[in-house]
2 protein chains.
Amino acid sequence: MMSMISNEGQDIKCDALTLRAIRDAMETLSGNWKLQILLALSSGPKRFRQIAKEIDGISDKMLSKELKALETNLLVTRFVYDTFPPTVEYKKTNYTETLFEVMLALRNWGLLHRQTIGKK
Amino acid sequence: MMSMISNEGQDIKCDALTLRAIRDAMETLSGNWKLQILLALSSGPKRFRQIAKEIDGISDKMLSKELKALETNLLVTRFVYDTFPPTVEYKKTNYTETLFEVMLALRNWGLLHRQTIGKK
DNA sequence: CTGGATCCTCAGGGATACTG
DNA sequence: CAGTATCCCTGAGGATCCAG
């Protein structure tokens with residue numbers, strides 16, 4: 001017997017592959033910073049120090065690490081300009097747009113959930 | 001200037017409230033176990049030991065803790081039957097169904113992403 | 001300015017034993 | 001069976017310093 005989650009005629013098969021896919025997605029967005037970084041870049045390309053200033057509480061180490069992770073996931077591109085002092089610019093990619101449905105679903109459920117739970 | 005993420009005429013405003021909502025949603029699903037527990041319960045109510053057996057590698061402590069978290073988030077209900085030895089049954093709620101869109105979006109993007117990144 | 005290297009702390013989570 | 005209590009360890013992440 002195959003377990004399912006169903007809604008209005010659509011099903012999600014609850015198999016290992018699905019579970020893995022969901023976890024892949026969650027992992028590439030997990031942590032306190034990745035979304036904030038993508039948000040910071042949503043208004044245009046920015047430099048390292050500029051991003052660091054916009055995100056409250058992030059350390060250089062974390063910003064560096066998270067940017068690298070986002071880059072290997074093709075969600076951020078890194079441009080190095082050969083100037084002195086060095087200039088490095090980060091920008092979001094077209095691929096970032098594919099996250100739209102995910103963000104929307106998460107946002108909608110998050111809003112619903114806060115209402116449901118009744119957090120202030 | 002308000003930053004946005006757009007797609008086919010729809011926008012997500014990238015404000016603090018949205019960011020918080022997204023993180024709320026991610027947090028209630030985060031960790032290695034919550035999804036597996038919901039998956040285990042998607043095929044029907046189960047008892048503590050039964051769930052533990054189905055999920056490879058989970059410790060009693062984690063299962064207990066995660067079940068409690070899911071319960072306070074209204075995603076799982078706990079029934080205690082007054083028998084000896086004690087029987088406790090966990091089952092998913094109707095509210096769990098509201099996660100459908102989220103799961104679907106995450107699954108779809110996870111599948112796309114694995115293709116894009118080219119993991120085997 | 002852009003980050004890498006190092007050190008350190010603290011909490012998440014495993015193993016085990018125990019209670020009702 | 002259904003958990004709780006205790007101990008312990010590891011790794012995520014902050015602070016700081018330094019190099020290109």
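Letters go in sequence order (proteins before strands), and every chain restarts at 1. If you're wondering where the values come from, they're calculated on a predicted model, not measured in any experiment. These numbers come from the heavy atoms of this one structure, side chains and all, not from hydrogens, waters or symmetry mates.
- With rounding to whole Å, A:Glu27 atom CD is found 14 Å from D:dA12 atom C1'.
- Taking every heavy atom of both residues into account, B:Pro86 and B:Arg47 meet most closely at O-NH2, 3.8 Å.
- Checking each of A:Ile37, A:Leu39, A:Asn32 against A:Ile55 for a side-chain contact (heavy atoms from CB on, under 4.5 Å) leaves exactly one that passes, namely A:Ile37.
- Looking at heavy atoms from C-beta onward, B:Met103 lies in side-chain contact with B:Leu35 at the 4.5 angstrom threshold.
- If you check residues 58-65 of chain A against DNA chain C, the residues with a heavy atom closer than 4.0 Å are A:Asp60, A:Lys61, A:Ser64, listed by number.
- Distances shorter than 4.0 Å separate none of the side-chain N or O atoms of A:Arg47 from OP1 or OP2 on C:dC1.
- Between B:Trp33 atom CH2 and C:dG12 atom P the separation is 16 Å, expressed in whole Å.
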Detail all sub-3.5 Å separations between protein N/O atoms and N/O atoms belonging to nucleotides 18-20 of chain C.
none

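- A salt bridge does not link A:Arg107 with B:Asp15: every distance from a Lys NZ or Arg NE/NH1/NH2 to an Asp or Glu carboxylate oxygen is 4.0 Å or more.
- With rounding to whole Å, B:Gln36 atom CD is found 13 Å from C:dG13 atom P.
- Distance CD (B:Glu89) to C1' (D:dG3): 17 Å, rounded to an integer number of Å.
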*Between A:Trp33 and A:Lys65, is a side-chain contact (heavy atoms from CB on, under 4.5 Å) present by the stated rule, with each step listed?*
CA-CA 10 Å; A:Trp33 308 118; A:Lys65 185 181 146 201; over 6 Å; no
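- When hydrophobic clusters are built by joining Ile, Leu, Val, Met, Phe, Trp and Tyr residues whose side-chain heavy atoms come closer than 4.5 Å, directly or via intermediates, A:Leu63 is not grouped with A:Phe79.
- One finds no side-chain N or O of A:Tyr90 lying less than 4.0 angstrom from the OP1 or OP2 phosphate oxygen of C:dC1.
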*Let me see the working for A:Phe48 and A:Glu89 under side-chain contact (heavy atoms from CB on, under 4.5 Å), right down to the final yes or no.*
CA-CA 7 Å; A:Phe48 188 90; A:Glu89 209 174 63; over 6 Å; no
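- Computed from coordinates, the A:Lys34 NZ to D:dA12 C1' distance equals 12 Å when rounded to whole Å.
- Comparing the end axes of the helix from C:dC1-D:dG20 to C:dG20-D:dC1, each fitted to five base pairs by superposing C1' atoms of four pairs onto the next four, gives an inter-axis angle of 40° (nearest 10 degrees).
- For B:Leu67 and D:dA2, the CG to P distance is 11 Å, given to the nearest whole Å.
- Within the nucleic acid shown, A:Tyr81 has no heavy atom closer than 4.0 Å to any nucleic acid atom.
- Around CD of A:Glu54, the count of heavy atoms belonging to other residues, nucleotides or ligands within 6.0 Å exceeds 12.
- Using a 4.0 Å cut-off, some side-chain N or O of B:Arg78 falls inside it from OP1 or OP2 of D:dG3.
- Rounded to an integer number of Å, the gap from A:Ile55 CD1 to D:dG13 C1' is 15 Å.
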*Apply the test side-chain contact (heavy atoms from CB on, under 4.5 Å) to residues A:Leu41 and A:Lys46: give CA-CA distance (whole Å), side-chain angles for both, the deciding distance (0.1 Å), then the verdict.*
CA-CA 7 Å; A:Leu41 294 180; A:Lys46 298 223 168 72; 3.9 Å; yes
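- Rounded to whole angstrom, the span from the CZ atom of A:Arg49 across to the P atom of C:dG4 amounts to 13 Å.
- A:Leu70 pairs in a side-chain contact (heavy atoms from CB on, under 4.5 Å) with only one of the listed residues (A:Thr93, A:Leu75, A:Thr77), which is A:Leu75.
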